[in-house]
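Here is the structure we will look at, set down as structure tokens.
Naming: A, B, ... by sequence-line order, numbering from 1 per chain. For the numbers below, each heavy atom of this structure counts, side chains included, while hydrogens, waters and symmetry mates do not.
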Number of protein chains: 2
Amino acid sequence: MNIKFNNRDPLYVQVIQHFKEQIAKGYFEPGQVIPSRRELANQLKINPNTAQRAYKEMEELGLIFTEGNMPSCITKDKAVLKSVREEMITESVELFLNSIKSINVPLSEVLEVVKKKYDANSRETEE
Amino acid sequence: MNIKFNNRDPLYVQVIQHFKEQIAKGYFEPGQVIPSRRELANQLKINPNTAQRAYKEMEELGLIFTEGNMPSCITKDKAVLKSVREEMITESVELFLNSIKSINVPLSEVLEVVKKKYDANSRETEE
DNA sequence: CAAACTGTATTAACTTGTTAATACACCGAA
DNA sequence: TTCGGTGTATTAACAAGTTAATACAGTTTG
């Protein structure tokens, strides 16, 4: 468990984001135990309440569940786990398209720029 | 001059956004006079300081210029005007790609979803 | 039982950023 | 000159959201 925090987004959002990424990449087993709030807070050097807020939202999203006062677990619902990745992509795409909607960019141009920047990006991270 | 404000983004940001969109769509002539801070504030029912903040940033971006205490004008630099559209697109694309970078989405899938959502979006706005 | 864990709730402190109030300086026209 | 416009600067008020402090309740284990 290790997160590189930026100081632009709220901590609890970044924590959620991190878990979503792990789920999207299939790093979690259904039902897998995750660190307790306090444990996570210790690991990440954040306040337990911040961890609590992140977990609470994840619980509302159906990504994790908690029984009694046991440490929380990743949901056992494989359909939910599977849909996380797709939803992340969909949300990003819709946000993106929305942001350029007002200036009427034709699809062909959108695709062209995306291709170009995708390549440029992957080249950056490889080298 | 008419802006539909949301109450999510700061007013001054939305004002800048509006001008950028107008520029990107070629609605402004180089050197064209724009409303004074107070005039704009009146029209949009916002505080003059909010208009000022927007204009100040646009000036820093080179989009407008001000001589003495004359009303500000759209820049005469056609290259700048022309690049606005491209930069808006580029920024959006990079933000987008960045947001999904961490979950390793192959280019083909990105393009596929963009196509699909683009169509869905334009259908929404037509009907 | 007591200690050490769990999750949870409530409230306060703090930060950050936006917006508003106000005043100043300049110029041009009546 | 005076008045009504311009742009500009400084400061205060306000709002919203995040983070922290603290306390409570339950369960398991030594």
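Under 4.0 angstrom from either OP1 or OP2 of D:dT19 there lies no side-chain N or O belonging to A:R53.
Atom-to-atom, NZ of B:K56 to P of D:dG7 comes out at 14 Å; the value is rounded to the nearest Å. One can place CG of A:L40 at 15 Å from C1' of D:dT19, the figure rounded to the nearest angstrom. Across the protein-nucleic acid pair, A:L11 atom CG and D:dT18 atom P stand 10 Å apart, rounded to whole Å. Between A:N49 atom CG and D:dA23 atom P there is a gap of 13 Å when expressed in whole angstrom units. The CZ atom of B:R8 sits 16 Å away from the P atom of D:dA16 (whole-angstrom rounding). Between B:E67 atom CD and D:dG7 atom P the separation is 13 Å, expressed in whole Å. Rounded to an integer number of Å, the gap from CD of A:Q52 to P of D:dT18 is 15 Å. Rounding to whole angstrom units, CD1 of residue A:I16 and P of D:dT19 are separated by 11 Å.
B:F5 and B:Q14 make their closest contact through CA-OE1, 3.3 Å (heavy atoms, listed as atom of the first residue, atom of the second, distance). Closest approach of B:I46 and B:A51 over heavy atoms only: CD1-N, 4.1 Å.
The base of D:dG26 sits with one of its N or O atoms less than 3.5 Å from a complementary donor or acceptor on the side chain of A:N69.
Summarising the local packing, CD of A:E29 is surrounded by 12 or fewer heavy atoms from other residues, nucleotides or ligands at distances under 6.0 Å. Remark: A:E59 CD is packed, more than 12 non-hydrogen atoms of other residues, nucleotides or ligands lying under 6.0 Å away. No more than 12 heavy atoms of other residues, nucleotides or ligands shown are found within 6.0 angstrom of CD on B:E67.
Cation-pi geometry between B:R37 and B:Y55 is not satisfied (NZ or CZ under 6.0 Å from the ring centre, within 45° of the ring normal).
From the 5' end on, the contacts that DNA chain C makes with chain A at under 4.0 Å to a non-hydrogen atom open and close at C:dT6 to C:dA9.
Between the side chain of A:N98 and the backbone N or O of A:K101 there is no donor-acceptor pair closer than 3.5 Å.
B:Y55 comes within contact range of no nucleotide atom at all, as no heavy-atom separation falls under 4.0 Å.
With the nearest nucleotide of DNA chain D identified for both A:P48 and B:M70, B:M70 has the one nearer the 5' end.
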